[in-house]
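In what follows, chains carry the letters A, B, and so on, assigned in the order in which the sequence lines appear, proteins first and then strands, with residues in each chain numbered from 1. Fair warning: this is a prediction, and the values are worked out from it, not measured in the lab.
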Amino acid sequence: MKALKINNLKKCYKNGTDALKGVDLEVDEGDFFALLGPNGAGKSTTIGIISGLVNKTSGKIQIFDQDIDLDPATAKSYIGLVPQEFNFNQFEPVQEILINQAGYYGIDRATASQRAETYLRQLELWDKRHVMARQLSGGMKRRLMIARALIHQPRLLILDEPTAGVDIEIRRSMWDFLRTINQQGTTIILTTHYLEKPRACARTLPLLITASPLNTPACANYSPSSIWKPLCSISITIIITYPSPFPAVNYASLMTRPWKLTSKTQTVLIRYSKHYLITIFRF
Amino acid sequence: MTFTEKFNAFKTILIKEYLRFIRIWIQTILPPAITTALYFVIFGNLIGSQISDIDGYRYMDYIVPGLILMAVITNAYANVVSSFYSAKFQKSIEELLVSPTPNYLILAGFVSGGVARGIIVGIVVTLVAMYFSSFEIHSFTLSLSVFVLTAILFSLAGFINAVYANSFDDITIIPTFVLTPLTYLGGIFYSIDMLPEFWQKLSLINPILYMINSFRYGLLGVSDTDIVTALFIIILFIAGLFSYALFLLNKGIGIKQ
Ligand SMILES: Nc1ncnc2c1ncn2[C@@H]1O[C@H](COP(=O)(O)OP(=O)(O)OP(=O)(O)O)[C@@H](O)[C@H]1O
Ligand SMILES: [Mg+2]
């Protein structure tokens with residue numbers, strides 16, 4: 001089953017900004033999927049639409065086969081969201097934020113308290129449970145949002161820039177944590193600017209590189225040099241497969257270079273699952 | 001969501017709203033108690049003793065229903081407008097928007113929070129009033145109904161105000177320039193019989209007049225307006241405002257891009 005299916009998703013904001021010009025995306029159940037892209041690529045817009053915070057202009061979205069327009073409540077109950085910006089009440093105590101969030105998913109208070117304790121301990125926030133949210137440090141706030149997103153035990157966890165403002169130590173344990181819940185069956189989608197993050201999770205660097213025009217069945221071209229040629233074309237898909245027959249490829253520079261080459265970059269998607277990592281560049 | 005899940009969601013919003021205004025009771029519960037006590041001392045005691053009875057009641061007693069209802073109106077409105085606006089401002093409204101809680105329950109939850117504050121403040125003000133005045137309640141059922149319906153109506157109005165508000169100034173404009181004048185002109189301190197005919201007629205388009213008078217009828221048994229008409233108007237307003245607020249929420253006006 002697909003955890004997420006997006007068909008031809010378009011978003012034009014009221015001020016005329018064309019944030020999404022027809023995104024197609026599929027994420028398998030159990031995947032650890034990274035959406036990569038420069039600032040303004042449309043990552044947060046996509047996530048906002050999936051989770052019901054942004055109205056789409058057109059397109060179709062399904063979460064575990066539930067259409068978000070036909071059965072929004074069921075679709076929403078599958079998703080846990082960690083947004084890019086802090087969005088909790090700064091004047092509420094940490095524990096209450098979690099218990100309330102559970103309540104919004106229909107969970108009774110006793111169960112909610114138990115789960116709040118579990119996740120606060122796992123994310124090393126238990127000592128801060130009575131503290132007002134605004135008194136937490138930036139990294140703690142981020143972890144609070146992760147705990148909050150997990151409180152109803154979603155099948156799909158979406159994290160928008162989860163490691164922003166988190167120190168290296170915690171970042172590492174956060175990746176371990178995400179990897180663990182992924183292994184326990186939660187599908188994960190995250191966005192990031194840095195390759196370092198999915199890479200840390202992806203165990204090894206991606207190895208096989210393919211390029212093809214977008215919307216065509218994945219590529220036939222297996223040479224790393226082929227990546228550069230299609231950059232001038234309208235859109236390309238780059239699929240990077242694990243394990244790599246090209247250990248020499250400097251993946252990081254590959255990722256950053258084309259963004260500098262063209263300002264028309266729209267969305268870059270990286271997908272990591274057990275066997276492969278897919279990157280989609282759009283131009 | 002099952003019925004129990006929906007009930008849990010509603011209860012969560014209500015408890016959260018309740019804790020919010022209780023936590024800051026010095027700003028939410030105390031001021032109306034002080035203001036009412038001052039009204040009683042100044043208008044009731046000092047000035048009121050110079051004024052003759054209205055509809056057979058001492059001036060002090062005559063102004064009690066209006067003062068209680070004014071506190072209910074102001075507080076129900078203020079609670080929802082500031083709570084929902086700050087949820088928008090801090091983006092914590094997104095916690096609800098990503099959840100499966102249906103919009104009508106979100107609305108009902110915020111409105112119930114406003115009603116809870118309206119009722120608590122109303123009770124506090126009533127206690128203060130009982131210290132200064134003495135009367136027997138004419139109809140407890142009618143008083144309670146008008147009291148609760150008014151709290152619902154103005155909670156809904158506060159909600160709509162918050163949906164449209166883009167700044168903290170926007171949440172004080174309506175209370176200052178619309179609500180307060182209409183409340184004062186709604187016959188808290190006088191019977192419209194005391195006004196020239198033109199102003200009497202004009203007063204009749206003020207919906208707050210009907211609420212104050214039906215509440216006064218509930219407490220004292222005297223009114224300038226017909227009670228059935230008054231209740232009809234209040235319920236009509238509630239239905240209209242509820243539908244409109246729900247429409248705004250469904251559309252995502254002011255909360256979704
Ligand atoms: N509320 C809004 N109103 C108008 N335009 C917006 C709004 N939010 C985002 N945009 C525009 O939509 C485009 C995509 O923005 P989005 O936030 O989705 O990018 P992003 O990929 O998440 O970027 P970042 O990496 O900086 O978080 C940008 O051009 C942005 O200016
Ligand atoms: Mg973003």
query = Based on non-hydrogen pairs under 4.5 Å, which of B:Ile93, B:Ile13, B:Leu96 is most in contact with chain A?
reply = B:Leu96
key: Which portion of A:Phe91 sits near chain B, non-hydrogen atoms under 4.5 angstrom   = both
key: Region of A:Leu81 that comes under 4.5 Å of a non-hydrogen atom in chain B   = side chain
ask   = A:Gln135: what forms a side chain to side chain donor-acceptor pair (under 3.5 Å) with it, not counting sequence neighbours?
value = none
request  = Check whether B:Ile15 gets within reach of chain A through its side chain, its backbone, both or neither, counting any heavy atom under 4.5 Å.
outcome  = side chain
So which N and O atoms of chain A and chain B form donor-acceptor pairs under 3.5 Å?
residue  : atom : partner  : partner atom : Å
A:Lys11  : NZ   : B:Gln257 : O            : 3.1
A:Gly52  : O    : B:Lys256 : NZ           : 3.3
A:Asn55  : N    : B:Gln257 : O            : 3.2
A:Asn55  : ND2  : B:Lys251 : O            : 3.4
A:Lys76  : NZ   : B:Leu97  : O            : 2.9
A:Asn87  : ND2  : B:Glu94  : OE1          : 2.9
A:Asn89  : OD1  : B:Gln90  : NE2          : 3.2
A:Gln90  : N    : B:Gln90  : OE1          : 2.7
A:Glu96  : OE1  : B:Arg23  : NH2          : 2.7
A:Glu96  : OE2  : B:Arg23  : NH2          : 3.2
A:Gln101 : NE2  : B:Glu95  : O            : 3.0
A:Tyr104 : O    : B:Thr101 : OG1          : 2.7
A:Gly106 : O    : B:Asn8   : ND2          : 2.9
A:Arg148 : NH1  : B:Glu95  : OE2          : 2.7

task = Go through the structure and list residues passing side chain to side chain contact (heavy atoms under 4.5 Å, CB included) with B:Pro31, not counting sequence neighbours.
result = none
task = Taking atom CZ of B:Phe237 as the centre, report whether more than 12 heavy atoms of other residues, nucleotides or ligands fall under 6.0 Å from it.
result = no
key: Summary of salt bridge (Lys or Arg N to Asp or Glu O under 4.0 Å) pairs that have at least one residue in residues 123-132 of chain A, sequence neighbours excluded   = none
ask   = More than 12 heavy atoms of other residues, nucleotides or ligands under 6.0 Å from CZ of A:Phe86: is that the case?
value = yes
request  = Using non-hydrogen atoms and a 4.5 Å limit, figure out which bit of A:Ile107 sits close to chain B: side chain, backbone, both or neither.
outcome  = backbone
query = Hey, does B:Val98 have a side-chain heavy atom less than 4.5 Å from the side chain of A:Ile79?
reply = no
